[in-house]
Every structure is written in C-alpha cells, then in structure tokens.
Amino acid sequence: MPEMPEVEAVCRRLRAEAEGATIRRARILRPSMAKGDIEEACRKARLTRVERRGKNILLHLSSGPVLHVHLRMTGNLYVTVDHRMLVTSARAVFELTDGRGIVFEDPRALGRIALLERDSLPEVGLDPLSPEFTAEVLALLVRGSKRPAKLFLMDQDKVSGLGNIYAAEALFRAGIDPRRAVGSLRRPRIARLYQAIVEVMRAAVETSDRLYSSPGRLIEAERQELMVYDREGEPCRVCRRPILRLAQGGRSTYFCGKCQG
DNA sequence: TCGATCCTGTAG
DNA sequence: CTACAGGATCGA
C-alpha cells in the first residue's frame with residue numbers, strides 16, 4: 001500500500017538490515033509476477049546497494065544485474081529472521097546465507113519483480129524531496145498542460161512518488177480544485193502547490209519511517225492526519241462542509257468543494 | 001484520454 | 001452480492 005514515503009521506509013529498513021548480505025538462493029513463489037532468470041542471478045550474489053527511484057526499488061547485485069521491485073498497491077518487502085517463516089501472501093523469498101530471508105509479499109499480487117541490466121533501469125520524474133525540485137521547475141513542468149491537477153500529480157514521469165492519497169492531500173493544502181487544468185494555474189498558486197507537495201511528502205516520510213517499517217507486515221495505523229482522503233461525507237477540517245468524492249482516471253478523488261475552489 | 005485489466009481481500 | 005482498494009499498463 002505504498003506511495004513514495006512508504007517505499008522509502010521499506011528501503012531504509014532494507015539498507016539497515018540487509019545491505020551487504022549474501023543471498024544463498026532466491027525462490028519465486030508466484031512466477032507470473034516475475035520476469036527474468038532471478039533465481040540464477042541471485043545465486044550466491046551479494047546485495048550491494050538498495051536504491052529507490054520514485055516508487056521503484058532497485059536491489060543491486062554483485063553478480064551484475066539489478067533486481068527491480070515494484071510494490072504496486074499492496075506489496076511489501078522486508079527481512080525475516082527465518083527464511084522459512086512465510087505467510088501465504090509471500091510471492092518470492094531471497095534466502096540469505098545467515099538464515100534470514102528477504103520476503104516479497106503481496107496479497108493482491110499486482111506487484112512486480114524483474115531482473116534488469118544496469119543500463120536499463122526505470123526512469124521517473126523528479127523526486128519531490130530532492131533539491132532539484134523547486135517551484136520554478138514545477139512551473140516549467142505544468143506549462144501548457146491541460147490535464148487535471150490531480151492526474152498531473154500522479155504522473156510518475158513528471159514528479160515521482162505521489163499516489164492517490166498524497167496527490168489529494170497536496171491539492172487540498174494548496175487550495176486547488178483537482179479538476180483544474182494544471183497549466184492554467186498562476187505563479188503564486190504553483191508556488192503554493194510546490195510548498196504543499198514538499199510538506200505533505202516530508203511529513204509522510206517521517207511517519208512512515210516510524211511506523212510502516214516495523215518488522216513483518218505493514219502496519220495500517222495512524223499515518224499523518226489526512227485532510228480529505230477517504231473522508232467522503234465527513235466535515236472538512238477547515239470549513240466543516242462535507243468532503244466530496246469524484247472519479248478521475250478510474251480512481252477516487254476526495255476534495256473540499258469550498259476550500260478547493 | 002478513457003476504460004479494461006491485472007489479482008485478492010474486505011467492507012457495506 | 002457489489003463496490004472499492006495507497007498502481008501501472010495496454011488497447012481502443
């Protein structure tokens with residue numbers, strides 16, 4: 001259930017617990033989710049580096065190629081003390097030489113795991129927490145676009161890492177109607193949107209790092225207090241009007257009709 | 001740019 | 001039973 005902050009938390013934990021570890025062998029439990037000869041590439045390979053690009057996780061192997069993991073909607077990747085301890089939704093396990101295991105779990109099985117060459121790694125847009133992401137850059141990115149603001153924010157090729165929740169939250173904070181053509185926003189609004197994105201994502205990384213990255217399954221607990229997501233019919237925390245829901249790109253968008261005019 | 005699709009689980 | 005789920009891709 002990850003957007004960028006949750007993926008970041010997963011990566012941090014993997015780095016702390018398994019970077020430098022050696023994989024004895026990999027077991028693919030659901031072949032339809034995997035691409036490439038992963039079992040061959042992982043045999044006695046060291047996990048040299050854990051990298052994140054947007055929502056993509058890249059596990060660099062000493063054998064040369066890179067394991068690309070995408071958690072999609074319900075995936076998770078974590079270390080267990082015993083590689084034989086597997087839940088039913090485990091889709092792949094990387095058995096380490098010390099007996100632990102890196103488990104790729106995904107009840108819904110929408111996630112993907114693929115073996116890539118170093119020169120064909122996924123490219124995504126700017127990370128919202130990187131120094132290169134500025135209000136000026138955002139203004140350039142939206143220029144000329146007629147797309148609804150919500151869909152623009154969810155486009156991983158523009159700004160990477162926002163999903164359905166944080167896109168809605170950022171738009172609320174910026175006071176922007178999610179249907180508004182993003183290219184029609186004026187400069188001050190864009191600056192406010194920039195600020196909102198950075199604040200929402202920074203807060204989410206902090207809370208995710210704290211609770212999402214505990215051992216084992218994901219914990220569906222308090223994330224940062226959400227202003228609009230999944231709050232249809234509930235009063236807006238600012239103006240008390242009921243939160244509205246509409247469909248955009250086949251997904252639900254939650255917003256306040258008054259605060260986001 | 002929209003809708004269908006990939007899967008399974010859960011809430012209503 | 002239906003609707004929907006924090007994602008992405010494909011074809012019309």
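So you know, we letter chains A, B, ... as the sequences are listed, proteins then strands, and number each from 1.
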> With sequence neighbours excluded, what pairs up with A:Phe94 under the ring pair (Phe, Tyr, Trp, His ring centres under 6.0 Å) test?
Replying inline: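 Residues passing ring pair (Phe, Tyr, Trp, His ring centres under 6.0 Å) with A:Phe94: none at all.
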Distance in angstrom units between [X] [atom1] and [N] [atom2], rounded:
| X | N | atom1 | atom2 | value |
| --- | --- | --- | --- | --- |
| A:Ile165 | C:dA5 | CD1 | P | 11 Å |
| A:Glu6 | C:dA5 | CD | P | 17 Å |
| A:Lys35 | B:dC6 | NZ | C1' | 15 Å |
| A:Ile57 | C:dG7 | CD1 | C1' | 13 Å |
| A:Asp230 | C:dA5 | CG | C1' | 9 Å |
| A:Lys150 | B:dC2 | NZ | P | 12 Å |

>> Under 4.5 Å side-chain heavy-atom separation, chaining through any Ile, Leu, Val, Met, Phe, Trp or Tyr, what else clusters with A:Met73? Say none if it is isolated.
In response: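 Joined to A:Met73, directly or through intermediates: A:Leu110.
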> In the hydrophobic clustering (ILVMFWY, side-chain contacts below 4.5 Å, transitive), which residues join A:Leu140, or is it alone?
Replying inline: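 For A:Leu140, no cluster forms, as it stays isolated from other hydrophobic side chains.
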> Tell me, which pairs form a ring-ring contact (aromatic ring centres under 6.0 Å, His included) where one or both residues lie in residues 233-260 of chain A, sequence neighbours left out?
Replying inline: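 Qualifying pairs, neighbours excluded: A:Tyr229-A:Tyr254.
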>> Considering only residues two or more places apart or on different chains, which pairs with a residue in residues 178-204 of chain A satisfy ring-ring contact (aromatic ring centres under 6.0 Å, His included)?
In response: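 Found A:Phe133-A:Tyr194.
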>> Please tell me whether A:Asp106 and A:Thr74 have a donor and an acceptor in their side chains that are separated by less than 3.5 angstrom.
In response: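 Judged by distance alone, the side chains do pair up.
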> Please, which pairs that meet salt bridge (Lys or Arg N to Asp or Glu O under 4.0 Å) have at least one residue in residues 141-159 of chain A, sequence neighbours excluded?
Replying inline: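 Found A:Arg147-A:Asp155, A:Asp155-A:Lys158.
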>> For residues 236-250 of chain A, which residue pairs pass the salt bridge (Lys or Arg N to Asp or Glu O under 4.0 Å) check, not counting sequence neighbours?
In response: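 Listed once each, the pairs are A:Glu225-A:Arg237, A:Glu232-A:Arg245.
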When the [atom1] atoms of [M] and [N] are compared, how many Å lie between them, rounded to an integer?
| N | M | atom1 | result |
| --- | --- | --- | --- |
| C:dT2 | B:dA4 | P | 16 Å |
| C:dC4 | B:dG3 | P | 14 Å |
| C:dG11 | B:dC7 | P | 16 Å |

>> Check whether A:Arg100 reaches the backbone of A:Glu17 with its side chain - one donor and one acceptor, N or O, closer than 3.5 Å.
In response: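 Side chain of A:Arg100 to backbone of A:Glu17: a pair is present.
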> Dot-bracket for DNA chain B: what is it, with Watson-Crick or G-U pairs under 3.5 Å, [ ] where a pair crosses earlier ones, and | for a pair to another strand?
Replying inline: ||||||.|||||
> Residues two or more places apart in sequence or in another chain: which of them pass side-chain contact (heavy atoms from CB on, under 4.5 Å) with A:Arg49?
Replying inline: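 Here the qualifying residues are A:Glu19, A:Glu51, A:His60.
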>> Going by salt bridge (charged side-chain N to carboxylate O under 4.0 Å, His left out), name the residues that satisfy it together with A:Arg189, two or more places apart in sequence or in a different chain.
In response: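 Salt bridge (charged side-chain N to carboxylate O under 4.0 Å, His left out) list for A:Arg189, sorted by chain: empty.
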>> Is there a side-chain contact between A:Tyr254 and the phosphate of C:dC4, meaning an N or O under 4.0 Å from OP1 or OP2?
In response: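 No, no such contact exists.
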>> Does the protein touch nucleotides 7-12 of chain B at the base, only the backbone, or not at all? Give it as B, S and - per nucleotide, heavy atoms under 4.0 Å.
In response: BB----
Atom pairs under 3.5 Å, N or O on each side, protein against nucleotides 8-12 of chain C: can you list them with distances?
residue : atom : partner : partner atom : Å
C:dA8   : OP1  : A:His70 : NE2          : 3.0
C:dA8   : OP2  : A:Lys55 : NZ           : 3.0

